[in-house]
J.: 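Got a structure for you, questions after.
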Amino acid sequence: MPAFVGAVQVVNISSSGVFNIGDVFQIHPISSTKVFAGAGSFNTADQVKVINELSSTNTFDADLVDQGIGFTL
């Protein structure tokens with residue numbers, strides 16, 4: 001179904017954001033990120049108590065490509 005849109009002002013779109021006006025079949029941003037996090041990471045609460053006696057995060061990555069983002073259009 002066609003969409004009729006009036007004036008649009010775009011102030012900011014983040015690097016991984018998608019902007020669309022009108023009909024669309026599929027929307028997906030094309031970006032990838034690798035995150036290394038150790039014990040006690042990504043905790044969210046009002047009061048967090050984390051006790052890590054010994055913690056080690058292995059950031060060694062032997063392969064060159066994990067998952068490609070090619071052919072995603």
Side-chain angles (χ1 to χ4, degrees):
M1 182 174 189
F4 296 99
V5 179
V8 175
Q9 178 182 6
V10 178
V11 176
N12 186 16
I13 297 177
S14 67
S15 61
S16 62
V18 174
F19 177 74
N20 177 57
I21 294 178
D23 299 335
V24 66
F25 174 71
Q26 184 178 28
I27 295 178
H28 55 279
I30 300 175
S31 66
S32 63
T33 304
K34 181 182 287 189
V35 176
F36 297 105
S41 299
F42 305 119
N43 291 320
T44 57
D46 293 332
Q47 295 179 356
V48 176
K49 182 178 181 182
V50 178
I51 300 172
N52 292 320
E53 299 281 329
L54 179 62
S55 176
S56 176
T57 302
N58 183 9
T59 60
F60 176 72
D61 190 12
D63 55 349
L64 298 176
V65 177
D66 291 329
Q67 181 177 357
I69 57 172
F71 306 109
T72 58
L73 298 176

J.: Which residues pass the side chain to side chain contact (heavy atoms under 4.5 Å, CB included) test with F25, sequence neighbours left out?
T.: none

J.: Could you pull out all donor-acceptor pairs under 3.5 Å where a side-chain atom in residues 38-51 meets a protein atom, sequence neighbours excluded?
T.:
from : atom 1 : to  : atom 2 : distance (Å)
S41  : OG     : G38 : N      : 3.2
S41  : OG     : G38 : O      : 2.9
N43  : ND2    : G40 : O      : 2.7

J.: Give the other cluster members for V11, using side-chain heavy-atom distances under 4.5 Å between Ile, Leu, Val, Met, Phe, Trp and Tyr residues; answer none if it is isolated.
T.: none

J.: Applying salt bridge (Lys or Arg N to Asp or Glu O under 4.0 Å) as the test, list every pair that has at least one member in residues 32-44; sequence neighbours left out.
T.: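 Residue pairs passing salt bridge (Lys or Arg N to Asp or Glu O under 4.0 Å), neighbours aside: K34-D61, K34-D66.
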
J.: Kindly say whether F60 contributes a backbone atom to a donor-acceptor pair with the side chain of N58 at under 3.5 angstrom?
T.: yes

J.: Tell me every residue that passes side chain to side chain contact (heavy atoms under 4.5 Å, CB included) with T59, counting only those two or more places apart in sequence or in another chain.
T.: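 Side chain to side chain contact (heavy atoms under 4.5 Å, CB included) check on T59 returns F36, T57.
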
J.: Kindly state each residue pair satisfying salt bridge (Lys or Arg N to Asp or Glu O under 4.0 Å) with at least one member in residues 5-14, sequence neighbours excluded.
T.: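 Listed by first then second residue: nothing to list.
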
